[in-house]
Amino acid sequence: MKHRIVVLGAGYAGAFAAGNLARRLSAADTEITVVNAVPDFVERMRLHQLAIGQDLASRKLTDVFAGTGVRLRLARVTGVDPERGTVAVAGEDGDGELGYDTLLYALGSSVAHHGVPGVAEYAFDVTGRSSALRLRERMAGLSEGGTVLVVGEGLTGIETATEFAESRPDLSVALAARGELGAWLSPKARRHLRRAFDRLGITVHEHTAIEAVEPTRAIAAGVTGTSVPADVTVWSAGFAVHPIAAAGGLEVAETGQIIVDRTMRSVSHPDVYAAGDSAYAIGENGRPLPMSCASAGFTNMQATAAIIARLTGSEVPTTGLKYHGNHISLGRRDAIFQMVDGDVRSKSWYLGGRAAARLKSGVLKGAGWGIAHPTFGMPKRRRRLATAPDRAGARAAA
């Protein structure tokens, strides 16, 4: 029997990992299945563009994995049983169960409501294609003078606010920040960011924590309960993972992310690996990696390298888990690339303007091309497993 590798999720981490595994492991020994809820690859880093009305190229996962040997199962993951080595799924073909010998958990994250009243009922977000399309429909219905409030001063919030303001100058766009806008940036980059906000006419409410969202306004915390007008509230105040991993008995952090070792292997179940936002991984600076596309790249490369090495009897290599900088789009023609040191503190140097925008565009195009060609550079001879595959597989390896 072939060694069954199941990859949960076909986002940046899962899609890259599945292609990497197919490129480097022999199909004579392994069977790779990807489970994903939707038929298309979702460019999450561009969903704010989709939400404001821009059309993004669609990449069918059937086309992405065509000719690679990777099997695609369109279904929603409803449960994981690491003791039995099974995954429960639900899809158009009905409920089912998949067995695995090695599991790569890469289900990503969604918006974090933080228990704020009204967010689930009235706010929009750009963490998924369906939610971005819902926001797109609402934005298209806004007439001149409509108000948009983006909650959250992180990368997603900044990119969403600037994209919306540039694309719809007829609207009044504001951003609510719990602290100072761009506080983590170097002084020069922070000034660049503020100039961009001024140029685009974005109102910034600093030191403003939103404690409730209503249909036409958001309520700020404080004695007076100041309200901020908002025909549309876009919630970008953090990410959260689905409780499936915790419910299945995997050891997780307070965030619900799977706790992994340096090789992205679950510390509680050695036949389970995690990558992307689902993984609670410690970077080279001793701190947990943030939920981001960059982390998806680091962790999926480490996870696939470890899986391949252990299955083929090789020494497990370690890949870098170090950030070099933050790249923030400020509309289509402006951006900031902020270099950071080993402690993720901003260096004095940064790149801004059109050059940074072109660099960001190149990064996005490169990621998209890599997804569309998951087995590019496939070697003529792929590696065989060290031992005859069986159901014990990775579960027997400690």
Side-chain angles (χ1 to χ4, degrees), residues 1-36 39 41 59-75 77 80-82 84-89 91 93 96-106 263-266 269-276 299-319 370-398:
M1 179 180 288
K2 293 183 179 181
H3 188 94
R4 301 162 301 171
I5 301 175
V6 174
V7 179
L8 303 184
Y12 289 107
F16 273 123
N20 198 6
L21 291 167
R23 182 171 68 243
R24 298 170 62 189
L25 290 173
S26 172
D29 295 338
T30 55
E31 175 185 285
I32 303 170
T33 301
V34 174
V35 182
N36 201 60
F41 171 72
R59 291 186 175 87
K60 295 289 183 185
L61 291 173
T62 50
D63 296 334
V64 167
F65 294 121
T68 66
V70 174
R71 301 180 180 186
L72 175 63
R73 176 72 179 268
L74 291 178
V77 177
V80 174
D81 188 340
R84 294 175 54 232
T86 60
V87 176
V89 299
D93 298 331
E97 191 174 79
L98 295 174
Y100 67 82
D101 299 306
T102 297
L103 180 70
L104 178 55
Y105 190 109
T263 68
M264 302 303 128
R265 196 182 206 180
S266 165
H269 294 81
D271 53 349
V272 177
Y273 293 76
T299 55
N300 100 73
M301 287 188 291
Q302 178 60 80
T304 52
I307 291 170
I308 292 164
R310 289 191 172 110
L311 291 181
T312 59
S314 305
E315 183 179 350
V316 178
T318 56
T319 61
I371 291 293
H373 303 81
T375 55
F376 176 74
M378 180 185 292
K380 294 181 179 179
R381 296 180 62 186
R382 287 178 280 178
R383 300 174 68 179
R384 301 295 301 267
L385 268 61
T387 58
D390 56 48
R391 290 197 174 187
R395 199 171 295 113

Keeping the roles fixed (side chain from Asp29, backbone from Leu385), state whether a donor-acceptor pair exists under 3.5 Å. yes
Are any side-chain N or O atoms of Lys60 and backbone N or O atoms of Pro39, one a donor and one an acceptor, separated by less than 3.5 Å? no
So which atom in Ala106 and which in Ala13 form the shortest heavy-atom distance, rounded to 0.1 Å? CB-CB, 4.3 Å
Quick one: CD1 on Ile307 to OG1 on Thr102, what's the gap to the nearest 0.5 Å? 6.0 Å
Any donor-acceptor pair under 3.5 Å linking the side chain of Glu31 with the backbone of Val70? no
How many angstroms lie between CD1 in Ile308 and CD1 in Ile5, if you round to the nearest 0.5 Å? 8.0 Å
Can you tell me how far the CG atom of Leu8 sits from the CG atom of Leu103, to the nearest 0.5 Å? 4.5 Å
Looking at every non-hydrogen atom in both residues, tell me the closest pair between Pro270 and Arg265 and how far apart they are. O-NE, 2.7 Å
Regarding Arg383 and Ser314, is there a side-chain donor-to-acceptor distance under 3.5 Å anywhere? yes
Looking at CG of Asp101 and CE of Met1, how far apart are the two atoms once the value is rounded to the nearest 0.5 Å? 8.0 Å
Ignoring hydrogens, what is the shortest heavy-atom contact between Asp81 and Tyr100? Give both atom names and the distance. O-OH, 4.0 Å
Is the backbone N or O of Gly276 less than 3.5 Å from a side-chain atom of Thr299, with the two atoms forming a donor-acceptor pair by type? yes
Answer yes or no: is there a side-chain heavy-atom contact under 4.5 Å between Leu74 and Leu72? yes
OG of Ser26 to NZ of Lys2, rounded to nearest 0.5 Å, is 8.0 Å
Are Arg310 and Thr263 linked by a side-chain donor-acceptor pair shorter than 3.5 Å? yes
Counting C-beta onward and ignoring hydrogens, is there a side-chain heavy-atom pair between Leu25 and Thr312 closer than 4.5 Å? yes
Heavy-atom nearest pair, Ala75 first then Val35, reads O-CG1, 3.7 Å
For Arg73 and Gly96 the tightest heavy-atom approach is NH2-CA, 4.4 Å
Of all heavy-atom pairs linking Ala10 and Phe41, the shortest is O-CD1, 3.3 Å
Measuring from Leu311:CG to Thr30:OG1, what's the distance to the nearest 0.5 Å? 8.0 Å
